[in-house]
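Below, all heavy atoms of this structure are taken into account, side chains as well, without hydrogens, waters or symmetry copies. Whatever order the structure lists ligands and atoms in, that order sets their numbers, starting from 1. This one's a predicted model, so the numbers in the text were calculated from it and none came from an experiment.
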Amino acid sequence: PAEMVSRNNFSVWNILKKCIGMELSKIAMPVVFNEPLSFLQRISEYMEHTHLIHKACSLSDSVDRMQVVAAFAVSAVASQWERTGKPFNPLLGETYELIREDEGYRLISEQVSHHPPISAFHAESLKQEFAFHGSIYPKLKFWGKSIEAEPKGTMTLELLKHKEAYTWMNPMCCVHNVILGKLWIEQYGTVEILNHSTGDKCVLNFKSCGMFGKELHKVEGFIQDKSKKKLRVIYGKWTECMYSVDPKVYETHKKSDKKSGGESKKTKRENSCEEDDSDDVPEIQETVTVIPGSALLWRITPRPPHSAQMYNFTSFAMTLNELEPGTEKLLPPTDCRLRPDIRAMENGDIDRASSEKERLEEKQRAARKERSRDEEEWSTRWFHLGTNPHTEAEDWLYRGGYFDRNYSDCPNIY
Ligand SMILES: *[C@@H]1O[C@H](CO)[C@@H](O)[C@H](O)[C@H]1NC(C)=O
Ligand SMILES: *[C@@H]1O[C@H](CO)[C@@H](O)[C@H](O)[C@H]1NC(C)=O
Ligand SMILES: *[C@@H]1O[C@H](CO)[C@@H](O)[C@H](O)[C@H]1NC(C)=O
Ligand SMILES: *[C@@H]1O[C@H](CO)[C@@H](O)[C@H](O)[C@H]1NC(C)=O
């Protein structure tokens with residue numbers, strides 16, 4: 001994308017002071033607070049660490065698989081780190097596809113409802129090893145100083161060879177200091193990953209930052225079997241890395257760490273530069289204290305240079321609007337890459353982005369009015385409301401057929 005336009009000349013307070021407690025999707029914010037991606041594209045960022053799913057497929061031990069799945073669930077929300085730009089609300093009927101032959105998968109997503117906003121996605125491996133799907137109903141709320149995002153909706157990962165299915169819900173997310181001060185993002189809450197074949201589960205606790213910021217970004221949890229016996233402890237930070245260790249080793253370490261005062265030393269280290277202990281340079285620049293005997297499950301890919309000028313995007317996010325010559329003819333007319341306001345922002349033309357955003361929203365309103373006058377129901381194209389076979393709850397499921405590339409009856413939404 002083109003470099004970001006500074007937000008300094010815009011007062012968030014003037015816009016938001018009238019809206020405390022309101023649902024944020026109903027508040028019109030100037031486009032400078034956006035990032036040039038649709039929420040559908042943001043969802044596709046879950047796939048950045050697909051190599052972990054491939055790894056899980058290849059493991060023969062079920063507990064080993066579960067811990068890699070847990071790392072995948074954490075890695076899927078890692079791209080949120082420092083991403084305070086607001087993605088564009090998808091228009092009803094908008095779609096996004098992503099084919100990554102190098103990573104062995106393809107993904108399709110569709111905005112299936114506007115009020116409430118619901119986005120459905122379905123990713124599958126090109127060799128029929130896994131399917132990963134879900135629907136997300138992001139509920140945003142403004143709380144005076146912060147914005148809270150509740151990502152309602154279930155993620156389902158099916159490892160087809162192992163006939164296993166895992167489901168979970170993403171953690172809560174909060175953007176702090178939206179009015180004044182430094183913006184920062186916190187993810188918190190309990191994520192339970194369930195193995196539906198046996199009832200075994202992995203419980204991950206995304207910690208809120210705590211009093212002195214000591215717990216910031218920390219994730220800790222364990223895998224347990226049906227009888228609640230702990231099989232592994234999982235720990236790390238969603239911004240950095242995740243490790244797994246035997247529960248006995250973990251307990252022993254915790255006890256000895258407390259005795260030797262290791263805990264307080266660690267805290268000091270994290271929070272100050274005073275302790276210039278040149279013998280003690282960490283090999284890798286990370287703030288997770290590694291317990292001897294742990295296995296690394298995942299480490300984040302560093303962001304590219306200039307990421308800060310480009311909405312703090314990862315390399316993966318930077319590619320999402322790419323439109324290679326020839327691709328345009330293949331895509332349905334509803335694909336995000338063809339959406340004019342996002343394209344204008346990607347190109348750095350904020351005035352155009354703003355006027356196009358207004359035009360598209362107006363067009364959407366007019367179409368809705370017309371449908372209600374004709375008593376017509378909107379019909380979704382690629383997903384249908386059905387029952388998730390694993391949770392038995394209502395869920396949006398992929399109908400199939402998207403990659404046959406017959407788009408003759410797609411709606412004109414741009
Ligand atoms: C902010 O507004 C002033 C006055 O309109 C203008 O001179 C300045 O360039 C703007 N700054 C940014 C960062 O857009
Ligand atoms: C998950 O379910 C499978 C059954 O397909 C079972 O063999 C396995 O022990 C379970 N493992 C974990 C860790 O959830
Ligand atoms: C990017 O990260 C920096 C450093 O934390 C932060 O100050 C800035 O507001 C972030 N920018 C965006 C667009 O989120
Ligand atoms: C494409 O779909 C339309 C309507 O669904 C159908 O009438 C048409 O025959 C299809 N075209 C091809 C080439 O299959």
Side-chain angles (χ1 to χ4, degrees), residues 1-13 15-16 24 29-39 41-42 45 77-88 93 95 108 110 138 140 142 145-149 173-187 209 213 216-217 237-240 270-271 285-287 300-318 320-321 329-335 342 345-348 350 353-354 378-384 398-412:
E3 280 197 14
M4 290 176 59
V5 172
S6 162
R7 296 168 182 168
N8 292 343
N9 276 4
F10 294 85
S11 164
V12 190
W13 181 238
I15 302 156
L16 287 183
L24 210 67
M29 293 283 281
V31 82
V32 291
F33 294 109
N34 283 40
E35 56 177 28
L37 291 179
S38 165
F39 187 68
Q41 291 167 300
R42 187 95 176 231
E45 292 186 54
V77 296
S79 71
Q80 304 252 43
W81 183 37
E82 295 184 333
R83 290 275 290 282
T84 59
K86 179 184 171 305
F88 283 76
T95 60
I108 163 71
E110 177 181 357
L140 302 178
F142 173 52
K145 281 172 159 174
S146 56
I147 288 170
E148 181 187 75
C173 181
C174 183
V175 184
H176 290 277
N177 296 332
V178 287
I179 309 297
L180 267 181
K182 192 171 152 50
L183 286 163
W184 61 283
I185 286 186
E186 183 175 31
Q187 299 197 90
C209 101
L216 185 63
H217 303 150
K237 290 188 175 178
W238 61 267
T239 50
E240 287 176 28
E270 273 175 2
N271 289 317
Q285 281 199 326
E286 67 178 38
T287 54
I300 200 164
T301 315
R303 301 236 165 125
H306 313 303
S307 169
Q309 287 91 57
M310 294 173 193
Y311 312 91
N312 292 338
F313 277 0
T314 59
S315 300
F316 186 92
M318 284 186 197
L320 295 177
N321 279 321
K329 286 202 296 288
L330 289 177
L331 291 174
T334 46
D335 194 273
I342 295 178
M345 189 167 194
E346 169 97 3
N347 295 340
I350 291 296
S354 183
W378 174 264
S379 51
T380 55
R381 187 70 176 79
W382 308 110
F383 290 80
H384 68 95
Y398 179 48
R399 245 191 257 272
Y402 174 90
F403 292 100
D404 298 343
R405 301 215 178 274
N406 178 352
Y407 304 131
S408 55
D409 60 352
C410 283
N412 173 353

TODO: Using distance alone, decide if ligand 3 has a nitrogen or oxygen within less than 3.5 Å of any nitrogen or oxygen in E82.
DONE: yes
Could you list each nitrogen or oxygen of ligand 4 that sits under 3.5 Å from a protein nitrogen or oxygen, with the atom names and the distance?
{"residue": "ligand 4", "atom": "2 (O)", "partner": "N406", "partner atom": "OD1", "Å": "3.4"}
{"residue": "ligand 4", "atom": "2 (O)", "partner": "N406", "partner atom": "ND2", "Å": "2.3"}
{"residue": "ligand 4", "atom": "2 (O)", "partner": "S408", "partner atom": "OG", "Å": "3.4"}
{"residue": "ligand 4", "atom": "11 (N)", "partner": "N406", "partner atom": "ND2", "Å": "2.9"}
{"residue": "ligand 4", "atom": "14 (O)", "partner": "N406", "partner atom": "ND2", "Å": "3.4"}

- [ ] Run the salt-bridge test on R83 and E45 with the 4.0 Å N-O cut-off and return the result as yes or no.
- [x] yes
Open item on the list: Against ligand 3, does M4 come closer than 4.0 Å with any heavy atom?
Closed with: yes
TODO: Please determine, by modelled atom types, if H217 and E240 share a side-chain donor-acceptor pair under 3.5 angstrom.
DONE: no
Open item on the list: Would the distance check show the side chain of N321 and the main-chain N or O of P1 forming a donor-acceptor pair, the cut-off being under 3.5 Å?
Closed with: no
- [ ] Return yes if some donor-acceptor pair links the side-chain N/O of S307 with the main-chain N/O of T314 below 3.5 Å, else return no.
- [x] no
Task: Mutual orientation of the aromatic rings belonging to Y402 and W382 [parallel < 30°, tilted 30-60°, perpendicular > 60°] - done: perpendicular
Open item on the list: I need the contact type for T84 against ligand 3. Using non-hydrogen atoms and a strict under-4.0 Å cut-off, is it side chain, backbone, both or neither?
Closed with: both
- [ ] Mark yes or no for whether D409, through its side chain, and P411, through its backbone, hold a donor-acceptor pair below 3.5 Å.
- [x] no
- [ ] Answer yes if the side chains of T95 and T334 hold a donor-acceptor pair under 3.5 Å, and no otherwise.
- [x] yes
